[in-house]
Each structure stands twice: as structure tokens, then as C-alpha cells.
Amino acid sequence: MMIEIFEDIVCPWCRIGKKNLEDALANFTAEPVEVHYRAFQLDPYTPTEGSPFREVMHKKMQADEDRLNGMLQQVTQAGKASGLHFDFSKVEKMPNTLKAHQLIAIAPKELKKPVVDALFKAYFEDGKDIGQLDELLATAEQLGMDREKTKSLLDAKEGLEQVEDDFEFARQAGVTGVPFFVINRKYALTGAQPSATLLQAIQQISAEQPEENGNENE
């Protein structure tokens, strides 16, 4: 089975949805599963240098300070229920995530999940500006990727074509919100579904397609 997750690194529900999927897969033994991370940008027009987080959120959610704080608290509690920590008091920037997606694309297969996890943590727990090259390189280096080689690849736009292909696939598929899960290129689930819901869906799809062996390529 192949599961593709369309997500944006600045989307808290994507982090929660990803964790819920992992919890579901921990209880799924019917067949091997390959998880692939696909790029999506909630706002591709975010300036390269980023924008002030709260200013963006006030405008996007049409919320005053009290209402916005309530929304962020709701996310924090949902994250806690899934075993994740969020600290929005540290988040100052709404970054452009194009280079972050590019980093995920060029990461070795065995490091893709750790890179995604590290970027989510850097942004939502540590308040790092993951739109900045130095922060991305620091994350890559911490995970064992060569800093200078990674910089050269990013500067050469390596992986960018794959990222743009993900954007185009999402457009063609009518994806307007994330997280968005595509299973075996046939079935779709949207939103940060509870792990039990995800598990039930995966089990049902697996039972309906006993011949599939999960050996599909990216």
C-alpha cells in the first residue's frame, strides 16, 4: 500500500494528521505501507522573507486577538491529545515554505520522515523561521546531511521540479486544503482524521484490494 500525504510545514493540522496516521499504521499489519510526503503550500504568495505570523492569522481568520488565541489554544489541545507539543508564543513568522519542501524532496529516502518531523518541531515548538536557508541547513546538518552539499543542491534548485509536480498534482486533483491523504492513487481522505478513523479506512481499502502489494514507486 502507498499513502501520500499532501501537507504544508506551517499547517498545524498537517502535523497532527501525520501523527494520527503514524498511530494508525502502528496498528495496521495487513500489508507493508510506504508513506510519501508531498508538497503543498497554503499560501504560495507568502514573501520569501516571510510575514508576521499574527498579522497574517488575524487577516486570514478574520479574528481579533482573543478569538485568535482561542483558535490557537484549540490546536494546542488537539496536538496534546495526539502527543504533540505546540508553542505558538514562540512563532513570530509565517514563512514561505518552498525551500522547506525542496529540502524534503532532496533528503535521502530514510531521512525524509526525520526531516519533516524536525521542520514541524523547529517551527511549532521552537519558533524557528523555516523559510530561512540557514535554519533549513541547520536542520539538515543535525540529521546527518552534509551542510555544504545540501546548500549546493538547494541553490541549484535540485528537487524543485518534484515539488512543483506535487503542486500540479494537487491542483489537478482539486486539493484545496491539507492534510490530504491519497491511498494507492485511488482513494482520498482529507483533514486531520483521528487515528481510529484512519485505521478503519486503511483496513477497508486493504481488504478491498487483496492483490495489491505496496511495491509502487514514487
Side-chain angles (χ1 to χ4, degrees), residues 3-23 25-26 33-44 46-53 56 72 75-76 78-80 82-167 178-179 192 218:
I3 301 178
E4 297 166 277
I5 311 175
F6 285 82
E7 61 186 4
D8 199 359
I9 299 300
V10 293
C11 166
W13 295 108
C14 293
R15 189 186 190 204
I16 293 169
K18 173 182 173 296
K19 177 60 161 56
N20 289 349
L21 175 65
E22 291 166 357
D23 291 345
L25 291 178
V33 179
E34 282 193 7
V35 176
H36 300 289
Y37 302 99
R38 301 301 188 200
F40 187 92
Q41 280 191 298
L42 290 169
D43 185 3
T46 300
T48 304
E49 68 276 13
S51 299
F53 173 74
V56 170
L72 297 178
V75 173
T76 300
K80 186 176 181 180
S82 294
L84 296 169
H85 178 60
F86 288 85
D87 188 349
F88 287 101
S89 69
K90 294 182 179 178
V91 180
E92 297 180 354
K93 275 288 184 74
M94 179 65 78
N96 185 304
T97 54
L98 184 62
K99 275 200 181 297
H101 287 305
Q102 192 184 346
L103 175 62
I104 295 165
I106 66 172
K109 185 175 181 179
E110 68 276 8
L111 286 182
K112 288 188 186 296
K113 179 184 180 300
V115 167
V116 172
D117 288 339
L119 290 174
F120 273 135
K121 181 182 183 299
Y123 185 63
F124 287 115
E125 295 186 32
D126 304 326
K128 302 290 187 183
D129 183 358
I130 58 169
Q132 297 302 309
L133 180 60
D134 283 348
E135 291 294 349
L136 297 175
L137 294 177
T139 296
E141 191 172 28
Q142 287 167 7
L143 293 170
M145 296 173 67
D146 182 86
R147 186 184 183 97
E148 290 307 313
K149 181 181 178 182
T150 301
K151 183 179 185 302
S152 296
L153 290 172
L154 292 174
D155 288 344
K157 301 187 185 306
E158 196 74 26
L160 192 57
E161 183 176 356
Q162 180 185 324
V163 170
E164 290 173 343
D165 284 348
D166 290 348
F167 293 163
V178 284
E218 272 191 279

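Minimum interatomic distance between F120 and C11 (heavy atoms only, all atoms of both residues): CE2-O, 3.9 Å. Of all non-hydrogen atoms in Q102 and L153, the two that sit nearest each other are NE2-O, 3.9 Å. Here the shortest heavy-atom pairing between V91 and F124 reads CG2-CA, 4.5 Å. In terms of heavy atoms, L111 sits closest to M145 at CD1-CG, 3.7 Å. Of all heavy-atom pairs between F86 and V75, the closest is CD1-O, 4.3 Å. Residue A105 comes nearest to G159 through the heavy atom pair CB-O, 3.7 Å, listed as atom of the first residue, atom of the second, then distance.
Side-chain N/O atoms of N96 and E49 include no donor and acceptor closer than 3.5 Å.
Expressed to the nearest 0.5 Å, how far CG of D129 lies from CG of L136 amounts to 9.0 Å. Interatomic distance, D166 CG to F40 CZ, rounded to the nearest 0.5 Å: 11.0 Å. The NZ atom of K112 sits 8.5 Å away from the CD1 atom of I106 when rounded to the nearest 0.5 Å. From C14, atom SG reaches atom CG of D8 across 6.5 Å, with rounding to the nearest 0.5 Å.
Looking only at side-chain heavy atoms (C-beta outward), I104 and L119 come within less than 4.5 Å of each other. In this structure, the side chains of T46 and P95 stay at 4.5 Å or more apart for every pair of heavy atoms. Contact check for T97 versus D43: no side-chain heavy atoms found under the 4.5 Å cut-off. Within the 4.5 Å cutoff, the side chain of D87 has heavy atoms near those of the H85 side chain. Between P12 and F88 there is a side-chain heavy-atom pair separated by less than 4.5 Å. Residues F53 and E92 are not in side-chain contact: their nearest non-hydrogen atoms beyond the backbone lie 4.5 Å or more apart.
Ion pairing between K157 and E164 fails under the 4.0 Å rule for side-chain N and carboxylate O. Ion pairing between a basic and an acidic side chain is recognised when a charged N comes within 4.0 Å of a carboxylate O; D126 and K90 show no such pairing. Under 4.0 Å is where a charged nitrogen must lie from a carboxylate oxygen, and between E22 and K113 at least one such pair does. The residues D117 and K18 are annotated as salt-bridged, a charged nitrogen and a carboxylate oxygen being separated by less than 4.0 angstrom.
More than 12 heavy atoms of other shown residues, nucleotides or ligands fall within 6.0 angstrom of atom NZ in K19. In the displayed structure, E161 atom CD is contacted under 6.0 Å by at most 12 heavy atoms of other residues, nucleotides or ligands.
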- Query: I3 and E34: side-chain contact (heavy atoms from CB on, under 4.5 Å), yes or no, with the steps?
  - Reply: CA-CA 6 Å; I3 301 178; E34 282 193 7; over 6 Å; no

- Message: Walk me through whether L160 and L154 qualify under side-chain contact (heavy atoms from CB on, under 4.5 Å).
- Response: CA-CA 8 Å; L160 192 57; L154 292 174; over 6 Å; no

- Derivation of the salt bridge (Lys or Arg N to Asp or Glu O under 4.0 Å) call for E141 and K149: CA-CA 10 Å; E141 191 172 28; K149 181 181 178 182; over 6 Å; no

- Item | L84 vs R15, side-chain contact (heavy atoms from CB on, under 4.5 Å): CA-CA, chis, key distance, verdict | CA-CA 8 Å; L84 296 169; R15 189 186 190 204; 3.9 Å; yes

- Task: Take Y123 and K128, measure what side-chain contact (heavy atoms from CB on, under 4.5 Å) needs, and give me the verdict at the end.
- Result: CA-CA 5 Å; Y123 185 63; K128 302 290 187 183; 5.9 Å; no

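The side-chain contact (heavy atoms from CB on, under 4.5 Å) test with R38 singles out one residue from H101, E7, Q162, and that residue is Q162.
Distance alone, capped at 3.5 Å, is enough to place a donor-acceptor pair between the T139 side chain and the E135 backbone.
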